[in-house]
Amino acid sequence: MHARALTATTIALLGTAATLFPAPAAGAADAGPPLVVAHRGASGYAPENTLAAVDKAAELGFRWVENDVQRTRDGELVVVHDDSLARTTNVEELFPDRAPWKVKDFTAAEIARLDAGSWFGPAYAGARVPTLEQYVHRVERHHQKLLLEIKSPELYPDIEKQTLKVLGNEGWLERSHVAGRLIVQSFSADSVRTVHELKPAVKTGFLGTPSVMELPAYAEFTDQINPSYRTVSLGYVSAVQAFRGPHGRSLEVFAWTVDDADTARQVAGYGVDGIISNKPDVVRAAVGGG
Ligand code: G3P
Ligand code: CA
């Protein structure tokens, strides 16, 4: 049975905690294939979080891309996953005396010199760590949609406000984008809450698996609960979807990071709303969506 097809009665039987909370929100039974998000771009096929990975997602036909946003020493927002530049660039070669090569310790000009593609393969030599501005331009060019992660916000005071400022400057807070092309997520509940408070119209996601008992508090400020696929079950997905988020719609679940067909089928069977994947084409071939 598809989780989103579960009735209110069935959900009530899933656990005592779930029965304490609201009946399923309207629309919870509208199951279709999950939306598929290209994680860090199509990062199974191109270097993660680069413009090439955005291009690859577009080439494969994917509308949604995920990225990770951090901040340089001189205050530029850049798209990179680790808090160190060492794994995905040639920073150690260019700046051998700057260990541990933290993003926050390098200027935007220094980061712009780095090769963020060669580690992945010679075809991508010269790919750069994009600024958030460059990144959203490329996403816009492809008419794609953005699942933006604020990464390690504890390292970057007020990064939420700054991220929203950049998005606003680039037109991403206009109704055309906020209504269906943008979600801002974080592992930090405080960060997600801050985004919601600063710009209530923006759709938000919390990365993690809060207990069902905690969900009413999360539903005040987040539209999505986005867990590792390893931590979800049919019962949990149904329990999450039984709540309404801050915009009055059923809370959604996007599971990550699913790169094989069997796991894709498993989590799709749980009724997740989205699957985040480095190999989105593999997920699409297994469960549809896109
Ligand atoms: O979007 C989900 C996923 O990106 C969270 O984990 O470490 O890949 O940013 P991570
Ligand atoms: Ca991420």
Side-chain angles (χ1 to χ4, degrees), residues 34-51 53-54 56-57 62-71 77-89 102-104 116 119-120 129-130 132 135-136 139 144-156 159-160 163 167 181-192 195 202-210 218 222-232 236-237 240 251-260 263-264 267-268 270 272-280 282-284 289-290:
L35 188 152
V36 182
V37 180
H39 183 239
R40 310 181 195 172
S43 61
Y45 309 113
E48 64 183 62
N49 279 323
T50 62
L51 301 184
V54 177
K56 191 67 189 176
F62 289 94
R63 302 297 301 274
W64 280 92
V65 293
E66 190 260 7
N67 72 359
D68 302 285
V69 174
Q70 301 191 62
R71 187 161 67 206
L77 296 182
V78 289
V79 178
V80 60
H81 178 271
D82 300 1
D83 65 7
S84 166
L85 295 154
R87 179 177 63 87
T88 57
T89 77
K102 298 284 187 184
V103 175
K104 67 181 177 58
W119 71 275
F120 191 86
V129 174
L132 177 58
Y135 194 93
V136 295
V139 172
Q144 289 165 303
K145 307 180 184 195
L146 178 59
L147 174 57
L148 182 155
E149 181 182 342
I150 299 179
K151 181 60 83 186
S152 306
E154 65 281 359
L155 299 177
Y156 310 110
I159 191 171
E160 299 83 10
T163 299
L167 290 172
R181 290 183 59 189
L182 176 68
I183 304 167
V184 178
Q185 66 174 358
S186 181
F187 281 101
S188 162
D190 287 344
S191 191
V192 179
V195 169
V202 171
K203 188 170 179 178
T204 54
F206 173 70
L207 283 160
T209 316
Y218 282 84
T222 192
D223 299 279
Q224 299 185 329
I225 298 292
N226 296 341
S228 162
Y229 77 86
R230 297 173 195 278
T231 67
V232 291
Y236 184 74
V237 172
V240 172
L251 285 188
E252 295 176 337
V253 178
F254 283 14
W256 47 271
T257 301
V258 176
D259 288 344
D260 68 275
T263 307
V267 298
Y270 295 160
V272 299
D273 303 277
I275 297 178
I276 301 171
S277 175
N278 300 319
K279 298 180 177 178
V282 171
V283 173
R284 180 175 58 196

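No experiment lies behind these values; they were computed from the predicted model shown. Start at 1 and go down the list; that is how both ligands and their atoms are numbered. Values reported hereafter were calculated over all heavy atoms of this structure, with side chains retained and with hydrogens, waters and symmetry mates removed.
Of the heavy atoms in Leu207, only side-chain atoms (C-beta onward) come closer than 4.0 Å to ligand 1. At a 4.0 Å heavy-atom cut-off, ligand 1 does not touch Asn226 at all.
When the N, O or S atoms of Glu66 are ranked by distance to the Ca ion (ligand 2), OE2 comes first. Sorting the N, O or S atoms of Asp68 by how far they are from the Ca ion (ligand 2) puts OD1 first.
Of the inter-residue distances, the one linking Ser277 atom OG with Glu66 atom CD reads 11.5 Å to the nearest 0.5 angstrom.
Scanning all heavy atoms of the two residues, the minimum distance from Glu160 to Ser191 falls at OE2-OG, 2.6 Å.
For ligand 1, the atoms sitting less than 4.0 Å from at least one non-hydrogen atom of Gln185 are 1 (O), 2 (C), numbered in the order shown with element in parentheses. If you number the atoms of ligand 1 from 1 as listed, the ones under 4.0 Å from a heavy atom of Glu66 come out as 1 (O), 2 (C), 3 (C), 4 (O). Of all atoms in ligand 1, listed by their number and element, those nearer than 4.0 Å to a heavy atom of His81 are 7 (O), 8 (O), 9 (O), 10 (P). Close approach of ligand 1 to Glu149 (heavy-atom distance below 4.0 Å) involves ligand atoms 4 (O), 5 (C), 9 (O). Listed by number with element, the atoms of ligand 1 under 4.0 Å from a non-hydrogen atom of Phe187 are 5 (C), 6 (O).
Between the side chains of Asn49 and Asn67, no donor-acceptor pair is found at a separation under 3.5 Å.
Other residues, nucleotides and ligands contribute more than 12 heavy atoms inside 6.0 Å of the CZ atom of Arg87.
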Q) Step by step, would you call Asp83 with Lys102 a salt bridge (charged side-chain N to carboxylate O under 4.0 Å, His left out)? A) CA-CA 6 Å; Asp83 65 7; Lys102 298 284 187 184; 3.2 Å; yes

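Residue contacts with ligand 1 do not include Phe254, since none of its heavy atoms lies under 4.0 Å from the ligand.
Among protein heavy atoms, the minimum distance from atom 3 (C) of ligand 1 is reached at His39 NE2, 3.3 Å.
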